[in-house]
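Okay, so here's the structure we're looking at.
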Amino acid sequence: MTPRSRYRPLARDFFARSTESVARDLLGAFLVVEDGGQRRVGRIVETEAYDGFDDRASHASKGPTKRNQVMFGPAGHSYVYLIYGMYNCLNVVTAEPDYPAAVLIRAVEPVEGTQGETNGPGRLTRGMGIDRRYNLLDATAPPLYYSAGTGPAPQIIATPRIGVDYAGEWAEAKRRFIDVNSEFVSRPPIKRSRKKK
DNA sequence: CTCGGGATTGAG
DNA sequence: TCAATCCCGAGC
């Protein structure tokens with residue numbers, strides 16, 4: 001194995017694009033956390049796009065609040081929030097200011113320094129030591145940033161997002177993107193469990 | 001201030 | 001199928 005000598009932060013213009021483009025292009029990229037002399041790295045294999053004012057699955061659909069305000073700000077900043085009282089979810093803000101949008105990072109493959117499972121939004125934040133202290137931080141520089149992927153491009157498919165059944169027609173939008181060749185996707189597309197309603 | 005629910009996970 | 005667990009946002 002060749003040690004990866006250096007990770008280079010993706011710049012703001014990478015994130016200041018359409019949310020779907022960013023969500024797709026983050027697949028295969030590295031999520032890097034450098035904190036306290038420790039480096040933790042994961043290869044992103046699953047993302048979801050939360051885009052615009054009308055997306056009812058998005059926190060931003062009810063307008064700006066204290067919690068979601070970072071989604072209305074400039075691209076390339078972290079949005080970290082606590083869900084179900086125990087799990088942190090990591091997002092990176094996309095698009096232009098005043099247009100609320102972000103990409104949820106849902107799963108990474110362990111590359112360096114991670115602990116436990118990282119195949120799930122709550123699991124990857126736990127495994128990489130990410131909590132709400134990272135909220136609002138600039139994600140184009142340490143302690144948390146993204147770095148371009150290496151090797152062959154991932155094979156991408158789009159599916160509906162997870163856990164947003166309350167969002168009406170927006171629950172069906174194919175705004176979840178996964179690398180089908182990865183074994184670390186939170187919910188593999190292989191079987192469609194029976195529909196319950 | 002009270003109340004209801006959630007971009008999840010793991011157990012039963 | 002359901003509980004854990006607590007912050008946030010809405011409403012009184």
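Chain naming here is simple, since letters A, B, ... match the order of the sequence lines and numbering starts at 1 in each.
Contact annotation for A/Arg132: backbone-only contact, meaning every heavy-atom pair under 4.0 Å involves sugar-phosphate atoms and none involves a base. At a threshold of 4.0 angstrom between heavy atoms, the contacts of A/Arg161 with the nucleic acid are absent. Using a 4.0 Å heavy-atom criterion, one finds that A/Arg176 contacts no nucleic acid atom at all. Across all strands, A/Leu82 comes closer than 4.0 Å only to sugar-phosphate atoms, never to a base (heavy-atom distances).
Taking atom NZ on A/Lys62 and atom P on B/dG4, their separation rounds to 15 Å, with Å as the unit. Atoms CZ (A/Arg187) and P (B/dT8) sit 9 Å apart, rounded to a whole Å. Taking atom CG of residue A/Asn135 and atom P of nucleotide C/dC8, one finds them 9 Å apart after rounding to whole Å. For the pair A/Asn88 CG and B/dA7 P, the interatomic distance rounds to 14 Å; values are reported in whole Å. To the nearest angstrom, P of B/dA7 lies 11 Å from CE of A/Met71. Computed from coordinates, the A/Ile83 CD1 to B/dG6 P distance equals 8 Å when rounded to whole Å. Atom-to-atom, CG of A/Leu104 to P of B/dG6 comes out at 16 Å; the value is rounded to the nearest Å. Counting to the nearest Å, the P atom of B/dA7 and the CD atom of A/Glu46 are 16 Å from each other.
Residue A/Thr65 places its side chain closer to C/dG9 than to any other of B/dT9, B/dA7, C/dG9. The side chain of A/Met86 has C/dT5 as its nearest neighbour among C/dT5, B/dT8, B/dA7.
Ring-base stacking between A/Tyr50 and B/dA7 is satisfied, the centre separation being under 5.5 Å and the plane angle under 30°. The aromatic ring of A/Tyr84 sits over the base of B/dT8, with ring centres less than 5.5 Å apart and planes tilted by under 30°.
Using a 4.0 Å cut-off, some side-chain N or O of A/Arg67 falls inside it from OP1 or OP2 of C/dG9.
Between the side chains of A/Tyr145 and A/Asp138, no donor-acceptor pair of N or O atoms lies under 3.5 Å. Between the side chains of A/Arg40 and A/Thr114, no donor-acceptor pair is found at a separation under 3.5 Å.
Pair check for C/dA4 finds B/dT8; Watson-Crick or G-U wobble, both atom distances under 3.5 Å. With a cut-off of 3.5 Å on both Watson-Crick or G-U wobble distances, the partner of C/dG9 is given as B/dC3.
For the pair A/Arg39 and A/Tyr7, the cation does not sit on the ring face, since its NZ or CZ is not both under 6.0 Å from the ring centre and inside 45° of the axis. Figure legend: cation-pi geometry between A/Arg175 and A/Phe177 absent, as NZ or CZ is not positioned both under 6.0 Å from the six-membered ring centre and within 45° of its axis.
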Show your working on side-chain hydrogen bond (donor to acceptor under 3.5 Å, both in side chains) between A/Ser61 and A/Arg56 and close with a plain yes or no.
-> CA-CA 5 Å; A/Ser61 65; A/Arg56 279 190 50 209; over 6 Å; no
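When each of A/Arg126 and A/Asn91 is assigned the nucleotide of DNA chain B with its nearest heavy atom, A/Asn91 is the one assigned upstream, toward the 5' end.
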